[in-house]
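Report on the structure given below.
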Amino acid sequence: MSTPQILFVCTTCASVWKDGKRQGISGGEKLLDRLSQEYKNWHLRDRFSIQPIECMSACSHSCAISFAAPGKHTYVFGDLPSQTEMLSEVSAAVLECASLYDAKSDGLLSWSERPEQLKKGVLARIPPLK
């Protein structure tokens with residue numbers, strides 16, 4: 001059986017706030033929606049799950065996503081564009097990078113092989129628990 005892997009997507013990223021309340025649809029929710037649409041036809045959907053997360057505490061680097069799996073490094077990426085016209089390109093890059101992550105037994109993603117959208121946005125690489 002394959003190792004379960006998770007693509008976390010922050011749903012509060014790129015939110016508009018008024019009087020302490022979130023207004024409208026956040027950039028993270030828009031990204032999650034686009035990823036969920038593309039996920040339906042993705043060849044690795046049986047090896048990854050997409051999990052929305054209320055906040056990844058990367059507010060100054062929104063939008064944020066993360067790849068995690070038992071025995072693999074966890075990556076947190078930020079600074080992903082959330083503008084509607086960029087969502088197709090961003091979601092394709094995220095799923096491409098997830099494919100690379102899947103192919104690595106330790107989850108290590110070299111800078112040179114990552115899609116352009118995910119080369120500069122690494123916020124953390126956390127070693128696997130032993």
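Using a 4.5 Å cut-off between side-chain heavy atoms of Ile, Leu, Val, Met, Phe, Trp and Tyr, with links allowed through other members, Leu123 and Met56 fall into the same hydrophobic cluster. By the rule that hydrophobic residues join a cluster once side-chain heavy atoms approach within less than 4.5 Å of another member, Val76 and Val94 end up as members of separate clusters.
Residue-environment remark: CD (Glu116) stays at or below the threshold of 12 foreign heavy atoms within 6.0 Å. Within a 6.0 Å radius of CH2 in Trp111, no more than 12 heavy atoms belonging to other residues, nucleotides or ligands are found.
Between Glu38 and Ser88, some side-chain heavy-atom pair lies under the 4.5 Å cut-off. Side-chain atoms of Pro81 and Glu89, non-hydrogen and from C-beta on, never get closer than 4.5 Å to each other. When side chains are defined from C-beta on, Cys97 counts as touching Phe77, because their heavy atoms get closer than 4.5 Å. Taking 4.5 Å as the limit, some side-chain heavy atom of His43 sits within range of a side-chain heavy atom of Ser99. Looking at heavy atoms from C-beta onward, Arg114 lies in side-chain contact with Val122 at the 4.5 angstrom threshold. Residues Ile6 and Phe67 form no side-chain contact, since every pair of their non-hydrogen atoms from C-beta on lies 4.5 Å or further apart.
Without hydrogens or angle criteria, Thr12 side chain to Glu54 main chain gives a donor-acceptor distance under 3.5 Å. Distance alone, capped at 3.5 Å, places no donor-acceptor pair between the Arg45 side chain and the Tyr39 backbone. With hydrogens and angles disregarded, no donor-acceptor distance shorter than 3.5 Å links the side chain of Ser62 to the backbone of Ala58. Not one N or O on the side chain of Arg125 forms a donor-acceptor pair closer than 3.5 Å with the backbone of His73. Looking only at distances, no side-chain donor or acceptor of Tyr101 sits under 3.5 Å from a matching main-chain atom of Leu109.
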Criterion side chain to side chain contact (heavy atoms under 4.5 Å, CB included) on Val90 and Leu35, from CA distance to verdict: CA-CA 9 Å; Val90 171; Leu35 280 166; over 6 Å; no

Chi angles and distances behind the side chain to side chain contact (heavy atoms under 4.5 Å, CB included) call for Lys120, Asp79: CA-CA 8 Å; Lys120 296 181 180 177; Asp79 298 320; over 6 Å; no

Test log, rule side chain to side chain contact (heavy atoms under 4.5 Å, CB included), inputs Trp42 and Ile50: CA-CA 12 Å; Trp42 188 40; Ile50 296 179; over 6 Å; no

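Taking OG1 of Thr11 as the start and CD1 of Ile25 as the end, the distance is 12.0 Å to the nearest 0.5 Å. Going from atom OG of Ser82 over to atom CE of Met86 covers 10.0 Å, rounded to the nearest 0.5 Å.
The heavy-atom pair separating Leu108 from Glu113 by the smallest distance is O-OE2, 4.0 Å. When all heavy atoms of Ser66 and Thr74 are compared, the closest pair comes out as OG-CG2, 3.6 Å. Considering every non-hydrogen atom in both Leu32 and Pro52, the closest pair reads CD2-CB, 3.7 Å.
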